[in-house]
Every structure is written in C-alpha cells, then in structure tokens.
Amino acid sequence: MAQMNMIQALNSAMDIALSRDPSVVIMGEDVGYFGGVFRCTDGLQRKHGDHRVLDTPIAEGGIVGTAIGMGVNGMRPVAEIQFADYIYPAFDQIVSELARLRHRSAGDFFAPITIRSPSGGGIRGGQTHSQSPEGIFTHVCGIKVVMPSNPYDAKGMLLSAIEDDDPVVFFEPKRIYNGPFDGDPDKPARPWTTHPKGEVPEGHYTVPLGKAEIVRAGTDATIVTYGTMVHVAVAATEKCGIDAEIIDVRSMAPLDVATLRTSVEKTGRCVIVHEATRFSGYGAELSATIQEECFWHLEAPIQRVAGWDTPYPHAFEWEYFPGQKRIINALRTVMEA
Amino acid sequence: MIQKSRLHIPHPPARPGEAPDFSYLKISAPGEVPRPDVNTPAMEMADLAHSMVRVLKDDDKTTGPWNPHLEPEVLQVGLRHMMLTRAFDDRMQRVQRQGKISFYIKSTGEEAVAVAQCMALRPGDMLFPSYRQQGLQIARGRKLVDLMCQCLSNTRDMCKGRQMPIMYHSREGNLFSISGNLTTQYPQAVGWAMAAAMKGEDNLAASWIGDGSTAEPDFHHALTFASVYQAPVILNVVNNQWAISTFQAFAGGGREPFAARGLGYGIPGIRVDGNDFLAVYAVTEWAAERARTGAGPTLIEHVTYRASAHSTSDDPSRYRPKEDSESWPLGDPIKRLKQYLVQLGVWTEKQHKALELELEKHASDSWKEAVTYGTMSEGPALDPSDMFEDVYKEIPEHLKRQREQMLAEGGK
Ligand SMILES: Cc1ncc(C[n+]2csc(CCOP(=O)(O)OP(=O)(O)O)c2C)c(N)n1
Ligand SMILES: [Mg+2]
C-alpha cells in the first residue's frame, strides 16, 4: 500500500489504464505537457507519449464530440473537462449523443467514454469554479454519474469507469483533492495521510460503480451524502452526539437503493446532504426514492441540506456552503420530530 | 451625411410570385479550375474555395483536369444508384402522404453528392451523414427493404423503433447512426478520423451537413480539431440554398462561400458543382488522397439545390418561387449524367426509361415486402418492453422495475 492524495490516486488510475489498454487515450485542456491544472495527469504524457495524452483546443463540445468519434472507432477516451462549470458547452454532445448513441442504434454503436471533471466549492472559486452540476446529468438516461469521496475510491472507481462500456461522468470533489475537509475553513488543512482511505494500492483494482458505502454505522438517523460532504457529515455527527449512520452514495446514477432502504428502515430518520443547489437538486430524487421505499418506517419528514438556490458567491462562501451547523440543525430536526 | 451603424438582414433573391433569380451564384466554366497537387498548402489554392470545380459541359461532354476518367460501367452504376435513390424517395413520399409512415425527407436534386462521394470512397471509410444523404445508404448496398423497415419502425427496423423515420445506421456498412441534432456528427467524424490515424489505419471519415447547419458550434469544433490534429477527414457542406425556409445567407452571410470557411483554419476549401457527378467524384477522390497521404482534412462545399420540400411537413411554395427548382442553373444531376452517357454512346433513352420502370418496381416490391414485417397500424409489432434495452449495456435495477411496471399495466 502507498499513501496517495486524490490527485495521485486518479493519476495512478490513468497511468495503469494507459499501460494496460492501448485503446485508452487521455484528452483535455492542459492535460498533456503540463499535466493538468490540478496536476491529475502529471507525468502521463512524458511516460505514454503525446499521441495518448492529448492537449486539446479549449472547446468542451469539441472534446466530447471528438471523443465520441474515437470511442466509436475502438478507443476508450478519458476526457477531462477542466472545471465542471465549463461542461455546459459539451452538454449537447453528452445528452443528445453520448448518452443515447447505444439506444438509438439498437446497440450497434457505443462510445465507452469517461468524462472527468472537478466540481464543488470551498476553494474561493466564485460562481464559475464552484458548481456541482451532478443533478443535471443524473436526469439524463444513458450515462452513469459518480463522485468519489476519498483517494481509495477515486482510483478504484476511475478504473471501473474507464473499463465500463457505458459512458461515465466522473465528478471529482476538488476541495478534497489534497485532504479530507470537515467544513471548517479555519482549521489547518489535513492531508490524506491522516485518513485510512489515503492508503491506496499501487496496482490495479476496481471499486464497482452503482454501490453506495456506509462510512459510519449508526442507529439514530441516516445521512445520505457524497463527495466533500461525506467528511463534513462525519464531523457534524461526531460533534452533535447523534448516532447517525452515514452513507456515501458514490454512484448517483445508477443509485444503490437497497443500501439506502436498509439503513433508513433501521433508523427511521433521514437527512440528505449535498453541496449542489436545493431546488430540483439530486437530493429531491433521493428524498422521493426514500419516501417511496421507506414511508412506513419514517418517524420524521426527510430533511435536505443543500447549497442555497443562488449562484455560488465568492465573498460569502461559508455562509453558502452547507457546513456542519446546517447538518446538525437538520439532524436535530429529524430527531425532535 | 452622418454615417450610422446599420443592421443587415439577408434576403433571398426571390420570394413567391417573383421570378427566380440565381444571379448571386458564382459559376466557373467547366474545366476552368486547375487541379493542384494534394500536398499544396491551403492558402496557395485558396482559389478552389472561390471558384467551382466542374467537369460536365453544357454539350454533355467532359473537360479539364478534374475529369476522373471513369469507365462507362462505373458511371452506369452511379446513375443507377442516383435513380434508385430518387425512386426510393418518391415511393416514401407517397406512402407518407397515405399515412403509412409519420415523416420523410427527400434528397431530390442532390443525389450526386451522396452517390458520387460514396463511390469515390472505400468500404472501410466511416460515413457520418445527416438526414439527407440516403444516397450513401443506397450506394453502400443497403437494401431498400431495410431502409423502409426503419421508416416503419417495424420488427425489422435496425433502430428497433427508437428513432423517427430516416435515422438509419449500419455497423457493417460503416454508416454512422443519424442524429436529429444538427451538426453533432461533424466533430464525431473528426474524432473517428483521429482514432484511425492513432491506430495507423488508412481509413478516413467523411461527414455531411447542410448550409444552415454550418452555423452550429460543432462546425467550428470540427474544423478546429481537424486542423489542429490534421485528421484524415472529409467535411462536406451540402449547400442546397435552403435551411427549411431560411436562405443560406443566414448561415453564410452571403459574402464568402462556405468552402472559404476552411481557409481560416488552414484547411483547403473546395467548391464544387454538386449536380455534376464527375466533378463531385473527382473532388472527393482528391480529398481522400489528401486524407490517406497525411495531407489532412478537406472542406468541400457542394453547390446544389433542394428541389423538393424540406420534409413532408414543409411547403416551400410559402417562401420561394414555385419555378425556382426548374430555373436552377446547375440542372439536375441524374439528367446530366444520363445525357453524358447517351452522348458517349453507352446509354439510350430507351434503356433509361426501362431502368426507371425497373427501379420504380423495385421500390414498390420492396415496400410490399417491408410492410409484411409490420406497419404502424398492423402487426407483427415490436415488443415495447424492448425500449428498456440498450439504455445501458446491462439493464440497471430501476429500469427492470419500470419494465415490470409497464408489463403489469398491460400496455397502452
Ligand atoms: C440543433 C438543431 N436545431 C434545429 C433543428 C431543426 N431543423 C431540422 S433541419 C433544419 C434545417 C437545416 O438546414 P440545412 O443545414 O441547410 O440542411 P438541409 O435540410 O438543407 O439539408 C432545422 C432548423 C435540428 N434538427 N437540430
Ligand atoms: Mg440546406
């Protein structure tokens, strides 16, 4: 086992994929010679060559459009969209083409593409470097949408995504690239070496897509969350003394309903936490699903903790960010009901 | 006089009730345009984008350096493919009018583009068409029955009822799945070509869009990526003058030809008489040689005319003169190739008429067969639960549940 942060874990996954499978191609803005603005592809071009780790024009629609053509021609492109905030120019190629190609051609054509993109806030990025657009993509049938919350999952899930014959949109919570973040910006940064999931095998392994993980067992309530908010939820739970079970969804689509059901049937109370804005957010799908599955076990209305329905503000990041306080309040609300 | 900024609104030269006017078209004399070496840098052959490659003359003879010197047998095959395309279109238009299919799009007047290009390419080349290149399907040997079954969404539909009529595909035929979203196939073709080059294969990709579709951002994406990576791709703009009711100047601005858009990217642009089978063939052969010898992409503008309505849902008499089509100065591609063959002495009016009848019968026989595999109103029918397949490679849990629910509800 090695100690890796999330960037190193993702880098290791791509390095292994490039080494194992000649059809894997890495492509994106600044990913080649420079190694990516977040360094996720550092050294890969030097090792695997500039035909396999491609710097691309700044044209997200072009990146995904050409990746689809490559995928149809037997390649397995891993395309980086530099920030999730810049994925929208590629939206049509993702939604109308990538997601539906297999279906519309009755299985005759498909493009096994992974689209990696750093998402989420807490990095002083303002409204154009902080968004969490996963809910926009989970509404699209034909793509898988996932987000790891630690280096071990990041590597294993990225290898699964690359090896998957379905297209995967792989969001990377960039606030926790370098270390787990508990939602308190005033605390000194913690590196991944302090976290058990910072231990990552050097070789090939996969973490299956479509499986949630219970990161903390508990009996009082269930917190359903993913990405950065997993760590905030853990800290909030420990602070308030409510024995919450915390589920890291990991795969938003397809969703591991069974794990959610089992937990909420046991606790009878549920808080859903995500950074993304609340209205029509992914939490609405989670809430509806849990209500349908577990209604007769519920002791209290499901609570949602989310980003406010405003653009992500630069100056008031911590008022916006759904931090520990908001999670604790929601936990108290479900406990008091 | 005080100069003020002003807004320019393009206008077509003639509206309904007015006399057709094609004086805006720049047409070169047949044989006039030189044929440069395929490795010539784009800017040194910028004239190709502003002139018009033509081979067939008004006296039905050929001339000039672009003559592809095809054997009469090859030309007869081309003529047959074009005539079959037209017969197929006419049959499908008729069955749409009878309510047998929901929708159809004809390619009348533009048959030379798809047919000559397909014949100038190799079977391993991957084609990314728009909805108006049925000639590609026919020239690649797809059976009319198969195309008709797609339009019927019946049990033999290669799309399994998942796409509206005309959105064909064929994996064996290297014909990519047609999308209803304009221009999306353009960067995809470039990506396919990039992969071919990465793998060291010498197949190329070719894609087609209309004049109106050049305004989409994917046009720019495709040209940018093709230029940057010198992808072995042929990018075609079929300028049939109209985008539904919108004159081509609304996409092109009307000052520079679409072919010239390649030049800013360093991609050779070449403008060709799209109704001249020989010229289209020659230009495609030239572009294919460029692609296969590492000289990179080519942008071809085919100047042609959409002789029919945009689709069965359109009525062009509301926005352009009725006589426009007959006045089109570049004539009809089938008629022109036929006259050339007659002039050569390898084809007669009688043979032509007989072939027309044979192909009409072939289309009508094919239709009779196609409907035995199901129609929109009569069986056999596709299994509706099949819609849950191929969303993903494996059916996920939630779709299994939805399928069960649909079956339990017992259908409609
Ligand atoms: C992205 C998108 N926008 C609009 C449409 C609706 N639409 C279908 S065909 C068409 C006109 C296209 O004209 P052109 O590109 O010139 O091709 P042509 O039909 O003449 O072959 C339009 C606007 C569409 N299918 N896709
Ligand atoms: Mg047009």
Side-chain angles (χ1 to χ4, degrees), chain A residues 22-23 25 27 51-52 54-77 89-90 92-93 95-113 141-144 164-167 209-210 253-258 289, chain B residues 126 128 157-163 167 169-172 176-181 183-199 201 203 205 207 216-218 220-229 231 233 386-394 396-399 401:
Chain A
S23 70
V25 180
M27 57 194 291
H51 280 54
R52 299 196 62 204
L54 262 82
D55 281 312
T56 65
I58 306 167
E60 293 75 15
I63 292 170
V64 177
T66 52
I68 292 171
M70 289 183 196
V72 169
N73 199 359
M75 310 300 279
R76 214 165 261 279
D92 185 41
Q93 285 286 351
V95 174
S96 312
E97 302 293 316
L98 182 59
R100 298 207 296 254
L101 180 56
R102 183 191 291 280
H103 194 258
R104 82 175 195 221
S105 68
D108 285 342
F109 292 105
F110 67 98
I113 295 173
C141 44
I143 48 179
K144 297 181 176 176
D164 200 302
D165 279 347
D166 289 318
L209 308 184
L255 174 65
D256 177 1
V257 177
T289 301
Chain B
M126 185 75 181
F128 290 77
D157 170 11
M158 86 278 288
C159 302
K160 298 193 178 169
R162 294 168 190 169
Q163 290 235 73
M167 307 292 189
H169 71 269
S170 166
R171 198 165 63 170
E172 321 79 77
F176 189 64
S177 161
I178 297 170
S179 176
N181 293 50
T183 325
T184 52
Q185 73 274 24
Y186 235 43
Q188 294 166 1
V190 174
W192 196 99
M194 287 168 66
M198 283 168 173
K199 293 193 282 185
E201 296 168 356
N203 292 323
S207 188
E216 290 286 358
D218 275 334
H220 169 67
H221 298 151
L223 270 81
T224 301
F225 279 68
S227 156
V228 167
Y229 301 106
V233 66
D386 186 75
M387 78 172 92
F388 298 98
E389 308 261 357
D390 299 320
V391 181
Y392 298 90
K393 189 176 180 189
E394 317 284 347
E397 231 21 71
H398 71 287
L399 287 184
R401 283 170 69 165

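Each chain gets a letter, A, B and so on, in the order the sequences are listed, and its residues count up from 1. Every heavy atom of this structure was used, including side-chain atoms; hydrogens, water molecules and symmetry mates were not.
A:Ser23 does not touch chain B: none of its heavy atoms, backbone or side chain, sits under 4.5 Å away. Both the backbone and the side chain of A:Asp108 come within contact range of chain B, with heavy atoms under 4.5 Å apart. With a 4.5 angstrom heavy-atom cutoff, B:Phe176 touches chain A via backbone and side-chain atoms both. Proximity to chain B is absent for every atom of A:Ala67, based on heavy atoms less than 4.5 angstrom apart. Interface residue B:Met126: only side-chain heavy atoms are found under 4.5 Å from chain A. Only the backbone of B:Met158 comes within less than 4.5 Å of a heavy atom of chain A; no side-chain atom from C-beta onward does. With a threshold of 4.5 angstrom between heavy atoms, B:Arg171 approaches chain A through its backbone and through its side chain. Using a 4.5 Å cut-off between heavy atoms, B:Ala196 touches chain A through backbone and side chain atoms alike. Interface remark: A:Asp256 contributes no atoms to any contact with chain B (heavy atom separation under 4.5 Å). Residue B:Val228 touches chain A through its side chain alone, counting heavy-atom pairs closer than 4.5 Å.
Closest of all the heavy-atom pairs between A:Ile63 and B:Phe225 is N-CZ, 3.6 Å. In plain terms, the two heavy atoms of B:Asp218 and A:Gly61 that are nearest each other are OD1-O, 4.3 Å. Nearest approach of B:Asp390 to A:Ala106, heavy atoms of both residues: OD2-C, 3.4 Å. The shortest heavy-atom contact between B:Pro187 and A:Gln93 is CG-NE2, 3.5 Å. Contact record, A:Phe109 with B:Ser177: CE1-N, 3.9 Å, taken as the closest heavy-atom pair. Residues B:His169 and A:Ser105 come closest through the heavy atom pair NE2-O, 3.1 Å.
The candidate with the highest count of non-hydrogen atom pairs below 4.5 Å against chain B, out of A:Pro57, A:Cys141, A:Ala59, is A:Pro57. Note: B:Thr184 leads B:Thr184, B:Ile178, B:Asp386, B:Thr224 in heavy-atom pairs under 4.5 Å with chain A. Ranked by heavy-atom pairs under 4.5 Å with chain B, the first of A:Asp92, A:Asp164, A:Val64 is A:Asp92. Ranking B:Glu389, B:Lys199, B:Gln185 against chain A, the residue ahead of the rest is B:Lys199, based on heavy-atom pairs under 4.5 Å.
Between A:Leu255 and B:His398 the shortest side-chain heavy-atom distance does not fall below 4.5 Å. Using a 4.5 Å cut-off on side-chain heavy atoms (C-beta onward), B:Met194 and A:Leu54 make contact. With a 4.5 Å cut-off on side-chain heavy atoms, A:Pro254 and B:Glu397 do not count as touching. Looking at A:Met75 and B:Met198, their side chains come closer than 4.5 Å, going by heavy atoms from C-beta outward.
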Inset, instruction - Could you walk me through whether A:Thr66 and B:Tyr229 pass the side-chain contact (heavy atoms from CB on, under 4.5 Å) test, one step at a time? - result: CA-CA 11 Å; A:Thr66 52; B:Tyr229 301 106; over 6 Å; no

Inset, instruction - Show the numbers, then the answer: is there a side-chain contact (heavy atoms from CB on, under 4.5 Å) between B:Gln188 and A:Glu97? - result: CA-CA 10 Å; B:Gln188 294 166 1; A:Glu97 302 293 316; 3.0 Å; yes

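With sequence neighbours left out, A:His103 forms a ring-ring contact (aromatic ring centres under 6.0 Å, His included) with no residue at all. By the ring-ring contact (aromatic ring centres under 6.0 Å, His included) test, B:Tyr392 pairs with no residue at all, sequence neighbours left out.
At least one donor-acceptor pair under 3.5 Å links the side chain of A:Asp166 to the backbone N or O of B:Lys393.
Rounded to the nearest 0.5 Å, atoms OG (B:Ser179) and CZ (A:Arg104) are 4.5 Å apart.
Annotation for B:Glu201: atom CD counts as buried by contact number, over 12 foreign heavy atoms lying within 6.0 Å.
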